[in-house]
There are 2 protein chains.
Amino acid sequence: MAKRVTNKLVRTEREAERRKTILRAAVEVFSRKGFQGCRIADVAREAGVAYGLVYHYFKDKDELLGSVFESGWQGFLVRVQGALSQQADFEAKIRSVVHVAFEAYRRDPRGVKVLILEVGRSPSGGAVNRGTEFARVLELAASMFAEAQAQGQVPKHLDPRLSAALLFGAIEMGLTTFVMGLVERTDEVLDRARDQVAETFLRGMLGARPNVPALSTGASAEVLPSEAAPWTNVKSGTKSKAARRD
Amino acid sequence: MAKRVTNKLVRTEREAERRKTILRAAVEVFSRKGFQGCRIADVAREAGVAYGLVYHYFKDKDELLGSVFESGWQGFLVRVQGALSQQADFEAKIRSVVHVAFEAYRRDPRGVKVLILEVGRSPSGGAVNRGTEFARVLELAASMFAEAQAQGQVPKHLDPRLSAALLFGAIEMGLTTFVMGLVERTDEVLDRARDQVAETFLRGMLGARPNVPALSTGASAEVLPSEAAPWTNVKSGTKSKAARRD
DNA sequence: CAGCCGGCTGATTCTCGAATCAACGAGCAG
DNA sequence: CTGCTCGTTGATTCGAGAATCAGCCGGCTG
């Protein structure tokens, strides 16, 4: 029995990897054509896998999308939590959340694009509610704002949930300019954008100060060790250097 | 010939109305199921019209969506232009843009939902680029920021285009909390949200002051006369009371 | 080495909805 | 009143692609 179990485990591991491969391919294809606009055949081809295998791992197309979302947002959630727990100061917290989001985009623009563009779509027929995971992230941020208010770091009259929404709205739209290709995607431009987003959110258009990097600590990319919880754990299977694929 | 012409005109008028009816139905259905998720049959039924007639007025499903977008964003563009031209001060301009957007949402949540949710979707096959109209709105806002910078009302180091994106990001996300049903949609809540959006954008989280209405002038809903350019001229055909169907 | 087990394959089936089109009838001209 | 024009109708056609399934093959067991 022992050996059997070992084999079973090995198999399971391989299968898990397969599964990830397909998920990754799905992200790729969704980002190119959108969920509705793409065929399962596309995903299979992208993954270098037989058509039928997709159905071996996922009940149907909807479940596939659901999985993409879950792993994507969950990964993001983890990173944001990590970032928040490492900063005590409100301002620092905000900056690090913005940082995490931009870093995620730098690492995997495609993945971010899917999460951004496909959010909010709710197929009347229930299924997986794509908004759910995102709502959880919002909730986390909202409670951070509430806490900051309790400690007198943020004006009391602001609605925490709305504040959270505005934060991610600013981030999302900042990223959207890149996603849509309205702006060139240079590292430098990306950095400036990140700083402007944080600065505008904190001090507004009128109070924005020049040259304030999003994270004043040298911590930079080390908010969380990359391997611990890459943004989309979809990508986690691969050698961690896979980073810049475009 | 004279009589003929008259008849032609009458017919054209009727046709135009039919067309609008179908457009309105399309907005309704798109907002419920999304563009890809709905059938032309749904639109036809909603419009109380034969299936085939939809194809009499629109070449295909894509053109239908294109028209919805064009009229929607164009209407918004007009209102924003109007709002901007009536205000000299930068801060007032910002507040009135926010005001226009929220007012549009109050008037026609469905329509706004479609415009928000379907932006950014670009079918690789060219067709109508849905981003285009939206990009024009962004451009307008960007030039406003540039102008404000020239007059020293806004810090020079900020990127105007990014600033514009952030403005609409804040607005959009503020509205999204309502679209997603995360918050109750009361007039009062809506007003507070609007003020918070404007305030946060101008002074940031840290500098936000309480109780500053988006438009200090009593002008309120009168940024533009409602009949002149309703946000979605899609709706302009009907008796103006049709508004609140849910 | 044989035999089988289960992940894997991809042609086939079947559903669904976009787009077509032949025919209808309301209104207008003559 | 007759006949014609053209907006309107909805059954029909057709293609796309989701989901199925009968068998294949690589690797493990005995």
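Residue numbering restarts at 1 for every chain, and letters A, B, ... go by the order of the sequence lines. None of the values given here were measured: they were computed from a predicted structure.
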Q) What bend angle does the helix from C/dC1-D/dG30 to C/dG30-D/dC1 show across its length, from five-pair end axes and to the nearest 10 degrees? A)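 Taking five pairs per end, the axes differ by 10°.
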
**Q.** Given A/L167, A/V97, A/I171, the one that forms side chain to side chain contact (heavy atoms under 4.5 Å, CB included) with A/F201
**A.**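 Output: one option passes, namely A/L167.
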
Whole Å only: how far is the [atom1] atom of [X] from the [atom2] atom of [N]?
X     : N      : atom1 : atom2 : answer
A/F58 : D/dA19 : CZ    : C1'   : 16 Å
B/D60 : C/dA19 : CG    : C1'   : 9 Å
B/L64 : C/dG17 : CG    : C1'   : 15 Å
B/L65 : C/dA18 : CG    : P     : 13 Å
A/Q36 : C/dA18 : CD    : P     : 11 Å
A/I40 : D/dA16 : CD1   : C1'   : 14 Å
A/K33 : D/dA16 : NZ    : C1'   : 12 Å
A/D42 : D/dA16 : CG    : P     : 13 Å

Q: Please name all residues satisfying side chain to side chain contact (heavy atoms under 4.5 Å, CB included) with B/A141, sequence neighbours left out, ordered by chain then number.
A: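 B/A141: side chain to side chain contact (heavy atoms under 4.5 Å, CB included) contacts with B/A164, B/F168.
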
**Q.** B/A44: partners by side chain to side chain contact (heavy atoms under 4.5 Å, CB included), with sequence neighbours left out
**A.**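 For B/A44 the side chain to side chain contact (heavy atoms under 4.5 Å, CB included) partners, ignoring immediate neighbours, are B/V54.
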
Q) Considering heavy-atom distances to DNA chain D, does A/R39 or A/K59 have its closest nucleotide positioned more toward the 5' end? A)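 That would be A/R39.
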
Q.
I need a per-nucleotide contact map over nucleotides 8-15 of chain D, read 5' to 3'. Cutoff is protein heavy atoms under 4.0 Å; write B for the base, S for backbone only, - otherwise.
A. BBBB----

Once side-chain hydrogen bond (donor to acceptor under 3.5 Å, both in side chains) is applied, do any residues pair with [X], and if so which ones, sequence neighbours excluded?
X      : result
A/D42  : A/R39
A/S163 : B/Q196
A/D191 : A/R106

Q | Sequence neighbours excluded, every pair satisfying side chain to side chain donor-acceptor pair (under 3.5 Å) that has a member inside residues 164-174 of chain B | A |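 Listed once each, the pairs would be none.
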
Using a cut-off of under 3.5 Å, enumerate the N/O to N/O pairs linking the protein to nucleotides 12-15 of chain C.
none

Q. Is A/E46 paired with A/R32 through a side-chain N to carboxylate O contact shorter than 4.0 Å?
A.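 Looking at A/E46 together with A/R32, the answer is yes, because their closest N to O distance falls below 4.0 Å.
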
Q: Apply side-chain contact (heavy atoms from CB on, under 4.5 Å) to the pair B/E63 and B/L65, showing each step before the final yes or no.
A: CA-CA 5 Å; B/E63 188 182 301; B/L65 180 62; over 6 Å; no

**Q.** With A/E188 via salt bridge (Lys or Arg N to Asp or Glu O under 4.0 Å) - residues at least two apart
**A.**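 Salt bridge (Lys or Arg N to Asp or Glu O under 4.0 Å) check on A/E188 returns A/R192.
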
Q: Identify, with sequence neighbours excluded, every residue that meets ring-ring contact (aromatic ring centres under 6.0 Å, His included) alongside A/F30.
A: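 A/F30 satisfies ring-ring contact (aromatic ring centres under 6.0 Å, His included) with A/F35 once adjacent residues are dropped.
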
